[in-house]
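Single-structure report; data block below.
One-based numbering, in listed order, for ligands and for the atoms of each. Just the heavy atoms: all of them, side chains too, but no hydrogens, waters or symmetry mates, feed the values below.
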Amino acid sequence: MNLINTPVNAPTDLLNAAALESATAIATLAGIGKHDIAIVLGSGWVPAAEMIGAPAAEFDMTEVPHFSAPGVLGHSGKIRSVDINGKRVLVFLGRTHFYEGKGVDAVTHLVRTAAAAGCETMILTNGCGGLNPEWSPGTPVLIKDHINFTGNSPLHGAHFVDLTDLYSSRLRAMCHEVEPTLPEGVYVQFPGPMFETPAEITMVRNMGGTLVGMSTALEAIVARSLGMEILGISLVTNLAAGMSGEPLNHEEVLQAGKDAAVRMGDLLAKIIAKI
Ligand code: HPA
């Protein structure tokens, strides 16, 4: 087996030694030297994994050096290698969140590893709150842009990365071929783990955000810095704080994911087959 990974377009100084070690371990565990597409299944998306396809290999994140098990209920902590129409897809069932306090490098390690494993496309999914009252829980929304409201940068040193068209308009157009009515939104990443206050949701609305969550933006920035093409899809699991008159809770987030699993998995499988 060829274990020499071929990071595509990746400035090698951004692919740290840890990412290369993780990618080498994944190549061994998956029995294949290069993957093409990486996908992160966020809160609520894990039940969709079955629909993406039968895994050629599956292993625990903890078997890969520099990875730790996700600290959140609803994230399984597995990595799968799936063959879809001859494309090898690396599926991460869970992620490290910024609020776990392990630092931005731990949050983005998965992305650097995917690039080191050869992936040219990064699909980031999440569960989030929606600000558009028409988006009932279970609605998938394409991310067209983001606001990084974590107060942190995941890049180190003088890397001046262009974030115009960060969420690829080419990939969004492909998604619209699969599902023409998919809405688009602007995702605002908060640090978490607390949900937002109603006043913060008013602020988000005023600054142009339509989706709120606790992931994705930091990862997308690193993926772009590594030359990957990025697709972001949010699953609206609840109306944002203060909009429904109900308190928010994590179980509701997971339940919305379970209810939408078949639709989400089917959508992902069709999109991946097109890439
Ligand atoms: N806010 C932040 N993160 C979330 C939400 C929310 O309303 N729902 C799911 N993840």
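Protein heavy atom in closest approach to atom 3 (N) of ligand 1: G213 CA, 3.4 Å. The single protein non-hydrogen atom nearest to atom 1 (N) of ligand 1 is E196 OE1, 2.7 Å, given as residue, atom name and distance.
Ionic pairing of E200 and R205 is not present here: no N-O contact between side-chain nitrogen and carboxylate oxygen is shorter than 4.0 angstrom. Using a 4.0 Å cut-off between a side-chain N of Lys or Arg and a carboxylate O of Asp or Glu, R172 and E177 do not qualify as a salt bridge. Salt-bridge check for K87 with D83: failed, with every basic side-chain N at 4.0 Å or more from each acidic carboxylate O. Under 4.0 Å is where a charged nitrogen must lie from a carboxylate oxygen, and between K34 and E120 at least one such pair does.
A donor and an acceptor atom, one from each side chain of S22 and H109, are located under 3.5 Å apart. In this structure, a donor-acceptor pair under 3.5 Å is absent between the side chains of E229 and T121.
Nearest-heavy-atom check against atom 6 (C) of ligand 1 across A241, G129, G127, P137 picks out G129.
Distances below 4.0 Å separate heavy atoms of L248 from the following atoms of ligand 1: 7 (O). If you number the atoms of ligand 1 from 1 as listed, the ones under 4.0 Å from a heavy atom of T237 come out as 8 (N), 9 (C). Of all atoms in ligand 1, numbered sequentially from 1 with element shown, those under 4.0 Å from a heavy atom of V212 are 1 (N), 2 (C), 3 (N), 4 (C), 5 (C), 6 (C). When each atom of ligand 1 is checked for a heavy atom of M214 under 4.0 Å away, the hits are 2 (C), 3 (N).
Proximity of N238 to ligand 1, defined as any heavy-atom pair under 4.0 Å, is confined to the side chain (atoms from C-beta onward).
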